[in-house]
Protein chains: 2
Amino acid sequence: MRRKVTLKQIAKELDVSISTVSKALRNSIEISEDTRQKVQAFAKLYNYRPNNIALSLKNRKTKTIGIIIPEIVHHFFSKVITGIELVANNRGYNVIVGLSNESFDKEVINMQMLANGSIDGFILSIAKETLQQQDYHHFIETIDQGMPIVMFDRVVNEIPCDKVIVDDVKGAKQAVGKLIANGCKNIAIITTRDYVSVGKLRTQGYLEALEDHKIHPKGSLILKIEDKLLSDDDLDKLEKEIEMLFKSNKSIDGVFAVNELYAVTAIKVARKLGLEIPKSLQVISFTDGVLSKHSTPSLTTVSQHGQKIGEKAADLLINRLELDEGDEEEEEIYETVVIETELIERESTKK
Amino acid sequence: MRRKVTLKQIAKELDVSISTVSKALRNSIEISEDTRQKVQAFAKLYNYRPNNIALSLKNRKTKTIGIIIPEIVHHFFSKVITGIELVANNRGYNVIVGLSNESFDKEVINMQMLANGSIDGFILSIAKETLQQQDYHHFIETIDQGMPIVMFDRVVNEIPCDKVIVDDVKGAKQAVGKLIANGCKNIAIITTRDYVSVGKLRTQGYLEALEDHKIHPKGSLILKIEDKLLSDDDLDKLEKEIEMLFKSNKSIDGVFAVNELYAVTAIKVARKLGLEIPKSLQVISFTDGVLSKHSTPSLTTVSQHGQKIGEKAADLLINRLELDEGDEEEEEIYETVVIETELIERESTKK
DNA sequence: TTTTAACACGAAAACGTTTGCGTTGCCCAA
DNA sequence: TTGGGCAACGCAAACGTTTTCGTGTTAAAA
């Protein structure tokens with residue numbers, strides 16, 4: 001087993017000083033052509049690579065980005081990570097991932113684990129529990145210590161940081177508008193409780209779309225699901241609730257769901273009740289994932305371009321990190337970037 | 001902005017030496033009760049946390065695990081990460097993620113980025129391109145340098161490291177056995193080219209199951225897909241190929257697919273051709289993901305327990321890391337853990 | 001021959017920790 | 001009075017880098 005070789009070892013072996021080795025490897029003109037070649041040859045032979053940790057310590061930066069997300073088994077979030085990783089790597093950064101599992105405590109712990117020098121900045125999406133408790137001190141403290149944060153998707157305005165979001169209202173409005181344009185008269189929405197910011201916003205978009213078309217919203221057409229982590233029991237409950245919705249509102253001819261799962265479940269229930277998709281019921285869901293694309297019928301969805309969100313977030317963070325380099329303590333003006341949504345038409349709506 | 005406070009600053013402020021501060025914080029008996037309390041109070045007030053990087057440098061270990069996987073937008077892989085993160089966190093480790101995107105070069109680069117001190121060990125699943133080229137020098141070199149690797153799912157025997165795999169042969173055999181037991185006489189398999197180790201093994205399981213039941217395998221029932229990254233074009237091609245399969249083998253009454261996508265696509269095509277699921281065609285797929293669970297009809301699948309694989313892999317790696325601590329250079333006996341698969345019956349097979 | 005400048009290299013500090021050991025100052029016993 | 005012993009603390013090294021600032025040698029200029 002050949003352990004990793006260090007400058008010191010090379011220096012000793014070649015009987016020169018550590019500084020000489022370092023300079024030779026960095027092609028300093030201070031070092032003679034002769035020595036330089038000798039050192040470089042030796043370094044190559046022993047496959048020398050500078051120790052990252054030592055560099056991090058010296059440079060006071062790790063070239064590593066911390067990501068904290070609620071869960072990773074989720075098409076949207078993994079797309080975002082893909083985007084982050086892509087630009088991070090291109091710009092010479094690594095990516096370290098922490099999962100909050102929608103829990104406030106885990107979010108705090110994870111951030112503390114990483115904030116002690118392991119990373120240069122955070123990219124994160126807030127856990128549901130945190131959103132519910134509205135306790136954001138850990139974000140504030142992190143930022144106070146000079147560590148920048150970029151939030152995406154689930155953000156909260158009061159935190160001073162860059163944000164990358166999707167125009168949930170607009171996307172939802174567009175989707176519902178599409179349903180209306182396609183002739184739907186009684187459009188139901190299946191959404192989450194209001195503390196989930198995106199659920200609330202999408203509901204708002206739904207309402208605005210109706211209003212724009214002079215349709216009076218009916219409370220009975222708005223189904224708000226309490227979404228915990230979905231166990232199989234919850235799934236059953238979801239089906240029941242949707243079934244109730246359909247049964248007590250026979251005239252429903254359009255459904256807007258705030259996520260894929262609600263949409264496919266709605267379709268499943270509707271079919272059981274004898275509705276034909278998209279003939280007698282049209283469905284659009286937010287979030288474009290595997291389910292939308294590959295289930296039958298495939299779903300018309302509002303795509304959030306998760307990867308683009310990740311890319312943008314990473315760019316924002318790294319820009320700030322490398323800007324901080326120049327002069328510390330500048331104006332601190334934060335940006336909120338809105339990534340456009342896109343309506344992807346598939347089989348669950350009429351042509 | 002309150003920058004992070006260091007031992008040095010505390011020492012200066014309290015007019016004691018750095019070592020005194022360090023010892024006081026670690027409750028050394030060398031330090032008087034008085035000083036200890038003073039230091040601890042001050043540290044608490046300023047929210048002192050030891051700098052991780054400095055600790056890593058000193059201890060020559062980072063308490064961080066590097067994960068290299070082909071892609072993250074994939075139910076199985078993200079489940080594995082969930083498992084890894086879970087036990088890693090519990091055991092005080094962080095997790096840093098690199099994506100090879102199925103490319104050999106990216107795999108190598110990613111490993112090099114991390115191997116220079118950033119992490120203590122790797123958990124990885126090999127990229128398809130690497131499998132194809134059969135060039136494993138980067139793994140060997142990493143291990144040679146004393147950095148342990150744990151491979152999962154896509155492994156290759158010749159590398160001396162711990163491995164966590166699924167018994168692909170057995171799982172496939174079980175699935176096909178189920179189809180046979182359910183009365184299928186002409187079972188097709190939709191699989192990948194042989195260089196994808198798991199594809200090959202699952203095909204082998206299929207063949208063994210047939211053999212066990214004295215069924216002679218027909219070449220025309222074995223469809224091997226060239227699976228690149230799946231663009232929409234590839235998807236079309238996939239459909240075409242499957243359609244051909246059905247059309248030239250009208251008697252097919254069972255399909256075993258090596259992944260979810262192949263399975264749902266097969267179902268889609270079959271339906272188009274007028275086949276009823278599961279009445280006239282039963283389908284089982286390997287890999288239990290969102291598609292299987294939520295598409296209609298839901299799929300009977302072979303679950304690999306991705307999370308458990310991740311947990312086991314992390315345990316193996318950390319055990320080895322913390323064992324190495326005691327006495328260097330022990331026997332180096334590597335373990336291959338097989339995680340049992342499980343047949344999850346849903347609507348795509350008969351009861 | 002003496003001064004000077006270029007050249008090639010080394011010493012040391014710094015990043016933030018931990019820790020073995022040395023060094024005080026003091027009290028008590030001989 | 002002297003020595004031993006202990007309590008409480010500081011010094012310095014080490015982890016692996018980079019970089020600033022010397023320093024010594026040599027050859028050219030005066």
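Residue numbering restarts at 1 for every chain, and letters A, B, ... go by the order of the sequence lines. Values reported hereafter were calculated over all heavy atoms of this structure, with side chains retained and with hydrogens, waters and symmetry mates removed.
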Rounded interatomic separation in angstrom, taking [atom1] from [X] and [atom2] from [N]:
X	N	atom1	atom2	value
Leu57(A)	dT18(C)	CG	P	13 Å
Ile18(A)	dA11(C)	CD1	C1'	10 Å
Leu14(A)	dC9(C)	CG	C1'	14 Å
Leu7(B)	dA14(C)	CG	C1'	15 Å
Lys12(A)	dG10(C)	NZ	P	16 Å
Asn59(B)	dT18(C)	CG	P	8 Å
Asp34(A)	dC7(C)	CG	P	16 Å
Ile53(B)	dT18(C)	CD1	P	14 Å

Axis deviation across the helix from dT1(C)-dA30(D) to dA30(C)-dT1(D), five-pair ends, to the nearest 10°: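 The two end axes of the helix from dT1(C)-dA30(D) to dA30(C)-dT1(D) meet at 90°.
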Pair Gln145(A), Glu141(A): side-chain N/O donor-acceptor within cut-off below 3.5 Å: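 Gln145(A) vs Glu141(A): no donor-acceptor pair found between side chains.
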Ion pair check, Glu322(A) and Lys61(A), cut-off under 4.0 Å: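 So Glu322(A) does not pair with Lys61(A) through a salt bridge.
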Charged N-O contact under 4.0 Å between Arg320(B) and Glu335(B): no
Ile65(A) side chain reached by Arg91(A) side chain, heavy atoms, under 4.5 Å: no
Residues which pass ring pair (Phe, Tyr, Trp, His ring centres under 6.0 Å) with Phe77(B), listed by chain and number, not counting sequence neighbours: His74(B)
Start and end of chain B contact along DNA chain D [non-hydrogen atoms, under 4.0 Å]: dA8(D) to dG16(D)
Check against salt bridge (charged side-chain N to carboxylate O under 4.0 Å, His left out), Lys128(A) and Glu71(A): CA-CA 11 Å; Lys128(A) 278 179 191 162; Glu71(A) 46 169 340; over 6 Å; no
Neighbours of DNA chain D within residues 38-49 of chain A, by heavy-atom distance under 4.0 Å: Tyr48(A), Arg49(A)
Residues within residues 21-30 of chain B bordering DNA chain D, heavy-atom distance below 4.0 Å: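 Residues of residues 21-30 of chain B under 4.0 Å from DNA chain D: Lys23(B), Glu30(B).
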Residue-phosphate contact under 4.0 Å: Ser19(A) side-chain N/O, dA12(C) OP1/OP2: no
ring-ring contact (aromatic ring centres under 6.0 Å, His included) pairs, two or more places apart, involving residues 110-144 of chain B: Phe104(B)-His138(B)
Nearest heavy-atom neighbours spanning [X] and [Y]:
X	Y	answer
Met151(A)	Val156(A)	SD-N, 4.1 Å
Val155(B)	Ser197(B)	O-OG, 4.1 Å
Pro160(B)	Ile143(B)	O-CD1, 3.5 Å

Touch class at under 4.0 angstrom, heavy-atom based, for Thr35(A) against every strand present: sugar-phosphate
Crowding at NZ, Lys308(B) (>12 non-hydrogen neighbours, <6.0 Å):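 Atom NZ in Lys308(B) is not packed in, count stays at 12 or less.
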